[in-house]
Amino acid sequence: MTTISESNVLLRSDIPLPAGFKVATDEFHHGWNRMRSGGAGRLDKKIKARGWSFTRTPGGTLRSGVGKTAQEAIGSALCQALAEMDEDSHAVEIGQMQVTSYPWFFVARVRVEPYRIQPVEVHESTMAATAARSANPSGLYPQFGNTMPLLRG
């Protein structure tokens, strides 16, 4: 079994990735692979460099698992968490992990945070609006820079 630790990223095996983008992975569990090196930050930089987005989505979960070893307990907790991920979750980052040892078994609590990987769609109208806002910030807040009227009692 692959050693799992905090900050590891698990990717769905069938997700679309940018053309020519390769990630070194190890098989983890039914349709999920573990990235061999780097965390979510490194993956984010590589994906954004190719014009795609790596976005954290709502739906993080904390699950517990039991096993004969610490890694078995972590794997058990992760399998439960992965079963709850919806199809739009292309990757998960393993957050906090806590492993407790008992005389004959281990209990692990693992938090995972889901991410979505997709191409960035930029429309000309969006680019024009962004350029206009950056050229004229008062357009966002027309009252900005105005003096407040004095209150008279």
Side-chain angles (χ1 to χ4, degrees), residues 1-135 137 139-141 144:
M1 178 180 222
T2 304
T3 300
I4 301 291
S5 61
E6 288 182 7
S7 299
N8 278 155
V9 173
L10 302 176
L11 300 166
R12 285 193 189 269
S13 56
D14 62 348
I15 60 169
L17 292 172
F21 186 77
K22 301 285 185 200
V23 180
T25 61
D26 294 319
E27 187 176 338
F28 174 69
H29 177 75
H30 302 298
W32 289 89
N33 298 325
R34 182 187 69 89
M35 275 182 40
R36 288 185 190 163
S37 63
R42 183 174 177 201
L43 184 59
D44 181 43
K45 287 179 185 176
K46 287 183 167 188
I47 287 176
K48 284 183 178 176
R50 286 170 172 79
W52 284 46
S53 70
F54 183 68
T55 310
R56 188 176 190 170
T57 59
T61 186
L62 176 67
R63 289 290 164 253
S64 298
V66 178
K68 293 179 184 176
T69 66
Q71 284 297 306
E72 282 183 17
I74 291 167
S76 173
L78 279 173
C79 290
Q80 290 181 41
L82 294 174
E84 292 180 15
M85 294 295 119
D86 61 18
E87 292 178 14
D88 290 336
S89 299
H90 298 143
V92 295
E93 179 181 31
I94 300 169
Q96 180 183 10
M97 286 190 340
Q98 178 185 11
V99 179
T100 305
S101 173
Y102 291 96
W104 295 281
F105 63 95
F106 291 82
V107 175
R109 292 177 52 91
V110 179
R111 174 170 294 287
V112 298
E113 299 297 335
Y115 286 84
R116 180 164 174 76
I117 300 170
Q118 63 188 14
V120 175
E121 296 179 17
V122 179
H123 300 286
E124 289 181 27
S125 59
T126 305
M127 290 175 49
T130 303
R133 275 188 243 132
S134 62
L140 292 174
Y141 303 99
F144 185 75

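Residues: numbered from 1 along the sequence shown.
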- Task: Give the C-alpha distance, both sets of side-chain angles, the deciding distance and a yes or no for side-chain contact (heavy atoms from CB on, under 4.5 Å) between Val9 and Arg34.
- Result: CA-CA 6 Å; Val9 173; Arg34 182 187 69 89; over 6 Å; no
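Separation of atoms CD1 (Ile117) and CZ (Arg12) is listed at 11.0 Å; rounding is to 0.5 Å. For the atom pair CG of Asn33 and CG of Asp26, the computed distance is 8.0 Å after rounding to the nearest 0.5 Å. Taking CD from Glu27 and OG1 from Thr25, the interatomic distance works out to 9.0 Å, rounded to the nearest 0.5 Å. Atom OG of Ser13 sits about 11.5 Å away from atom NE2 of His90, to the nearest 0.5 Å. Taking CG of Asn8 as the start and CZ of Arg36 as the end, the distance is 13.0 Å to the nearest 0.5 Å. Interatomic distance, Trp32 CH2 to Ile15 CD1, rounded to the nearest 0.5 Å: 8.5 Å.
Under the rule for a side chain to side chain contact (heavy atoms under 4.5 Å, CB included), the partners of Ala77 that lie at least two apart in sequence or sit in another chain are Val110.
For the pair Thr61/Gln80, no side-chain contact is recorded, criterion being any heavy-atom separation below 4.5 Å from C-beta on. When side chains are defined from C-beta on, Leu43 counts as touching Leu11, because their heavy atoms get closer than 4.5 Å. Proximity of Thr57 to Asp88: side-chain heavy atoms (C-beta onward) are nowhere separated by under 4.5 Å. Looking at Phe106 and Val99, their side chains come closer than 4.5 Å, going by heavy atoms from C-beta outward. A heavy-atom distance below 4.5 Å is not found between the side chains of Val66 and Ser76. Using a 4.5 Å heavy-atom cutoff, the side chains of Thr55 and Tyr115 are not in contact. Residues Lys48 and Phe54 are not in side-chain contact: their nearest non-hydrogen atoms beyond the backbone lie 4.5 Å or more apart.
By the neighbour-count criterion of 12 heavy atoms within 6.0 Å, atom CZ of Arg116 is densely surrounded, having more than that number from other residues, nucleotides or ligands. Enclosure of atom CD in Gln118 by more than 12 non-hydrogen atoms of other residues, nucleotides or ligands within 6.0 angstrom is indicated.
Each salt bridge (charged side-chain N to carboxylate O under 4.0 Å, His left out) pair with one or both residues in residues 57-68, not counting sequence neighbours, appears once here: Arg63-Glu84. The stretch residues 50-61 participates, sequence neighbours left out, in these salt bridge (charged side-chain N to carboxylate O under 4.0 Å, His left out) pairs: Arg56-Glu113.
The backbone N or O of Ile47 lies less than 3.5 Å from no partner atom in the side chain of Asp44, so there is not a single donor-acceptor pair. No donor-acceptor pair under 3.5 Å is formed between the side chain of Glu93 and the backbone N or O of Pro114.
Between Val107 and Tyr102, the closest heavy-atom pair is CG2-CE1, 3.7 Å.
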